[in-house]
2 protein chains.
Amino acid sequence: MEKTTFRDVKQTVLTRIRDKTWAPDTFIPNEVALAAEFGCSRSTVNRAMRELAEEGILDRKRKAGTRVNATPVRNAKFVIPLVRDEVEATGAAYRYALVSREVLPAPPWLRARLSLGDKSRVLHLNCLHFANNAPFQFEDRWINIATVPMVEQADFSARGPNEWLLSQVPFTDVELSFSANTADAQLADFLALSPGEPVFTAERTTWLNDNPVTFARLSFGRGYRMTTRY
Amino acid sequence: MEKTTFRDVKQTVLTRIRDKTWAPDTFIPNEVALAAEFGCSRSTVNRAMRELAEEGILDRKRKAGTRVNATPVRNAKFVIPLVRDEVEATGAAYRYALVSREVLPAPPWLRARLSLGDKSRVLHLNCLHFANNAPFQFEDRWINIATVPMVEQADFSARGPNEWLLSQVPFTDVELSFSANTADAQLADFLALSPGEPVFTAERTTWLNDNPVTFARLSFGRGYRMTTRY
DNA sequence: CAGTGGTCTAGACCACACA
DNA sequence: GTGTGGTCTAGACCACTGC
């Protein structure tokens, strides 16, 4: 006689939802009842149900109980890797190049975006990441010098700012946003595209406890896809 | 004297990682030691560490121990809502329209994508989703009739196939993929764009235990962004 | 107020992976 | 073999929230 694991419970619950034993928008038995039925402890049921709720399958409320979510608003998890890892995972050789580097007063649009004061200074970097010597990603990066003073002494000629930041600067919050755009003349040059070709854009902003750390716009050329399975 | 919660433990661990008390790539004390230090039970430590590992902050291996991940390959979670909810969340009025509907033999590219036999029949739908009467999303949907026979009798004139599928057909696996494209003439017409304008594309394929259920290509026009925070 | 889920505990046994 | 995390248990108290 095997013990009932929380995975068993999850599987059984999922099956019952799929075969409509437990219809959408209806309440299912409470934890104590399920523990009795499955012959396991309440903690085991709890873990199973908690995970299903995190996955968006169930909706749980104290006192009210556990309901089958009518429209499984499921969460897709995307792994956001380092460019280096992303390139090397395809078997291609990774190469990095620094295009430009300058310290300047934060431009108004960036001040607005990061809630910076009007005397803020930022480090602005343009970088290129190659896969087998073909341009893979163009990185337009802005780093808030007030939050990361030592960035002025950092050397970005051999290693990208993202890797440097990840290893040197802690952060607490991230906002990530994907969109589709077309290449302007400069971007087309850098990514070896024709102007007007579609570009996949990822914008990432990070903070360290309310202090803005960095804003980056990452542009990917032809054929880039971001994929996940669940 | 408050009890130490698993949230407290997570917070403390995160702080120690951020201030380099526990450097990247080094091992941290085992669960028993941490439980003793924090004055809580091992289960509490375990839950905290398990969640941090799920979030990509820690790397755990039996016998080896728990290591601080050098490059926090953090997971971004995206909520994938129904179009209706996505539109209504902005305060706009949602409207749906069926553009076309036909049953036909699965075209070769779809057979390849879904591993269908060469006699497979599919239902092909084109739909439009509006926000305040402006086109918001164009949906190009293919449904495998062998897996979902009753789809032939379904009425898609008032409700989109996605809502119908979610409420009627269970699924076990999903593949989701984002990319950037430009509008061709047809898409430009439907989304009220000029040909060549950028389009954000989401492709979703779902299965029910190895049986392909549906493939959908969702196209979003101007200004669409997919955003998350963590 | 009372029923539900949320969490903690102390202990136990087990599976895995490294030596 | 042996130390680590992975999981289950039985019980307890608590927090939220709907009645």
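By convention in this document, chain letters (A, B, ...) are assigned in the order of the sequence lines, proteins followed by strands, and residues within each chain are numbered from 1. Just so we're clear, the structure is a prediction, and the values are computed from it rather than from any experiment.
Taking a 6.0 Å sphere around CG of A:D210, one finds it holds 12 or fewer heavy atoms contributed by other residues, nucleotides or ligands. No more than 12 heavy atoms of other residues, nucleotides or ligands shown are found within 6.0 angstrom of NZ on B:K61.
As judged by a 4.0 angstrom heavy-atom cut-off over every strand, B:R7 is placed among residues touching the sugar-phosphate backbone only.
In this structure, A:R60 atom CZ and D:dT17 atom C1' are separated by 15 Å, rounded to whole Å. Note: NZ (A:K10) to P (D:dC8) measures 11 Å, nearest angstrom. Here C:dC18 presents its C1' atom at 15 Å from CZ of B:R67, a figure rounded to the nearest Å. The CD1 atom of B:I28 sits 13 Å away from the P atom of D:dT4 (whole-angstrom rounding). For the pair B:L58 CG and D:dG6 C1', the computed distance is 16 Å after rounding to whole Å. Straight-line distance from the CG atom of B:N30 to the P atom of C:dA17: 18 Å, rounded to whole Å. Look at CG on B:D8: it is 12 Å from C1' on C:dT7, rounded to the nearest Å. For the pair A:K61 NZ and D:dC19 C1', the interatomic distance rounds to 15 Å; values are reported in whole Å.
Ring geometry, B:F156 versus B:W164: the interplanar angle exceeds 60°, so the pair is classed perpendicular (tilted spans 30 to 60°).
Residue whose closest nucleotide on DNA chain D sits further toward the 5' end, between B:T66 and A:A64: B:T66. Both B:S41 and A:G65 sit near DNA chain C, but only A:G65 has its closest nucleotide nearer the 5' end. Looking at which nucleotide of DNA chain D each of A:K63 and A:F6 is closest to, the 5′-most match is held by A:F6.
Across the strands present, D:dG1 finds its partner in C:dC18; the criterion is a Watson-Crick or G-U wobble pair with both atom distances under 3.5 angstrom.
One finds no side-chain N or O of A:R62 lying less than 4.0 angstrom from the OP1 or OP2 phosphate oxygen of D:dG18.
Of the residues listed (A:F220, A:F130, A:Y94), the one engaging A:F136 in a ring-ring contact (aromatic ring centres under 6.0 Å, His included) is A:F220, and it is the only one.
For A:Y224 (side chain) and A:S219 (main-chain N/O), no donor-acceptor pair under 3.5 Å exists by modelled atom type.
Classification of A:E175 and A:R113 as a salt-bridged pair fails, no side-chain N sitting under 4.0 Å from a carboxylate O.
Counted by atom type alone, B:T214 and B:R141 present one or more donor-acceptor pairs between their side chains at under 3.5 Å.
If you check residues 42-52 of chain B against DNA chain D, the residues with a heavy atom closer than 4.0 Å are B:R42, B:N46, listed by number.
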